[in-house]
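Take a look at the structure set out below.
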Amino acid sequence: QLQLVESGGGLVQPGGSLRLSCAASGITLYYYAIGWFRQAPGKEREGVSCIASTDGNTYYTDSVTGRFTISRDDAKNTVYLQMNSLKPEDTAVYYCAARIRGSWSCSRPVPSEYDYWGQGTQVTVSS
């Protein structure tokens with residue numbers, strides 16, 4: 001059964017860090033582009049970061065560049081999103097998703113281009 005499962009969300013103070021995980025079963029993430037998205041209440045789902053298949057080139061939206069790092073552990077079939085210097089505006093439900101079409105390249109993740117989704121994990125940045 002194909003499944004993506006996010007974990008690692010929680011409540012953190014501004015300036016703090018969290019590491020989100022996206023663990024896969026039923027697919028091999030190495031062959032997919034993996035995107036991280038987030039959705040805050042009342043807002044559209046936003047593409048945050050992407051890591052391409054094979055060579056693992058990456059993309060970050062401007063608001064997280066320099067603070068977030070996406071990576072992939074092929075042995076664990078897991079993609080991570082390390083989030084540092086968190087801000088209140090980073091508060092959202094974070095989702096990972098997998099895309100097979102054009103998987104070798106990454107640009108700003110667009111939700112309609114992704115085939116498989118996790119259930120999301122809540123990240124709250126607040127003092």
Side-chain angles (χ1 to χ4, degrees):
Q1 182 180 358
L2 191 151
Q3 197 173 16
L4 298 176
V5 178
E6 302 97 333
S7 62
L11 173 63
V12 63
Q13 292 187 343
S17 298
L18 286 173
R19 188 179 77 159
L20 305 184
S21 299
C22 174
S25 58
I27 61 171
T28 302
L29 295 184
Y30 176 83
Y31 297 110
Y32 289 76
I34 306 300
W36 281 99
F37 298 80
R38 64 187 180 187
Q39 189 165 20
K43 294 189 176 181
E44 292 188 353
R45 192 165 295 189
E46 173 192 21
V48 173
S49 182
C50 173
I51 185 166
S53 64
T54 57
D55 68 359
N57 67 79
T58 59
Y59 166 88
Y60 301 93
T61 194
D62 287 347
S63 62
V64 307
T65 296
R67 300 189 298 123
F68 290 12
T69 303
I70 191 170
S71 62
R72 189 179 68 219
D73 186 330
D74 294 332
K76 295 183 178 180
N77 207 25
T78 299
V79 169
Y80 302 98
L81 187 68
Q82 177 68 43
M83 306 187 298
N84 299 328
S85 302
L86 283 162
K87 305 175 181 180
E89 51 263 44
D90 295 318
T91 295
V93 178
Y94 282 72
Y95 300 88
C96 68
R99 166 171 60 88
I100 190 65
R101 290 162 290 174
S103 64
W104 55 87
S105 68
C106 264
S107 58
R108 183 182 180 195
V110 176
S112 61
E113 296 178 351
Y114 283 73
D115 306 301
Y116 309 110
W117 290 81
Q119 82 290 348
T121 185
Q122 176 70 48
V123 171
T124 303
V125 185
S126 175
S127 55

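Only a predicted model underlies this, so the values are computations on that prediction, with no experimental measurement involved. These numbers come from the heavy atoms of this one structure, side chains and all, not from hydrogens, waters or symmetry mates.
Side-chain contact between P14 and P88 is present, with at least one heavy-atom pair separated by less than 4.5 Å. Contact annotation: the side chain of E6 approaches that of Q119 to within less than 4.5 Å [non-hydrogen atoms, C-beta and beyond]. Annotation: side chain of E46 is not in contact with side chain of P109 (no heavy-atom distance under 4.5 Å). Within the 4.5 Å cutoff, the side chain of L81 has no heavy atoms near those of the T69 side chain. You'll find the side chain of L11 stays beyond 4.5 Å of the side chain of Q122, heavy atoms only. With contacts defined as side-chain heavy-atom distances shorter than 4.5 Å, the pair T124/V12 does not qualify. When side chains are defined from C-beta on, M83 does not count as touching D90, because their heavy atoms never get closer than 4.5 Å.
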Subject >> Full working for side-chain contact (heavy atoms from CB on, under 4.5 Å) between I34 and L4 >> reply: CA-CA 11 Å; I34 306 300; L4 298 176; 5.7 Å; no
Original post:
Could you go step by step and tell me if L20 and S7 meet the side-chain contact (heavy atoms from CB on, under 4.5 Å) rule?
Top reply: CA-CA 6 Å; L20 305 184; S7 62; over 6 Å; no
**OP:** Begin from the C-alpha positions of L2 and Y116 and carry the test side-chain contact (heavy atoms from CB on, under 4.5 Å) through to its verdict.
**Re:** CA-CA 8 Å; L2 191 151; Y116 309 110; 3.6 Å; yes
Subject >> Worked check of side-chain contact (heavy atoms from CB on, under 4.5 Å) between K43 and R38 >> reply: CA-CA 9 Å; K43 294 189 176 181; R38 64 187 180 187; over 6 Å; no
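Residues N57 and C106 approach most closely at OD1-N, 3.6 Å, considering heavy atoms. Between S21 and T78, the shortest heavy-atom contact is CB-CG2, 4.2 Å. Residues A40 and A92 share a closest heavy-atom pair of N-CB, 3.8 Å. Residues L29 and C22 come closest through the heavy atom pair CD1-O, 3.9 Å.
Among residues at least two apart or in separate chains, there is no ring-ring contact (aromatic ring centres under 6.0 Å, His included) pair with a member in residues 54-80.
Residues I51 and Y95 fall into different hydrophobic clusters, defined by Ile, Leu, Val, Met, Phe, Trp and Tyr side chains chained together at heavy-atom separations under 4.5 Å. Hydrophobic clustering (side-chain heavy atoms under 4.5 Å, transitive across Ile, Leu, Val, Met, Phe, Trp, Tyr) keeps Y114 apart from V5. The hydrophobic cluster containing Y31 also contains V79, counting ILVMFWY residues as joined when their side-chain heavy atoms lie under 4.5 angstrom apart, directly or transitively.
Between the side chain of S53 and the main chain of S103, a donor-acceptor pair closer than 3.5 Å is present. A distance-only check finds no donor-acceptor pair linking the side chain of R45 to the backbone of P111 [under 3.5 Å]. No donor-acceptor distance shorter than 3.5 angstrom exists from the side chain of N77 to the backbone of Y30, with no hydrogens or angles considered.
Within a 6.0 Å radius of CD in E89, more than 12 heavy atoms belonging to other residues, nucleotides or ligands are found. Residue D62 qualifies as open at atom CG: its count of foreign heavy atoms under 6.0 Å is 12 or below.
Residues S17 and N84 bring a donor and an acceptor atom of their side chains to less than 3.5 Å of each other.
Aromatic ring orientation, F37 versus W117: tilted (interplanar angle from 30° to 60°).
With rounding to the nearest 0.5 angstrom, the OG atom of S25 is 4.5 Å from the CD atom of Q3. Remark: S49 OG to R108 CZ distance equals 12.5 Å, nearest 0.5 Å.
Taking the ring centre of Y32 as origin, the terminal cationic atom of R99 falls outside the region bounded by 6.0 Å and 45° from the ring axis.
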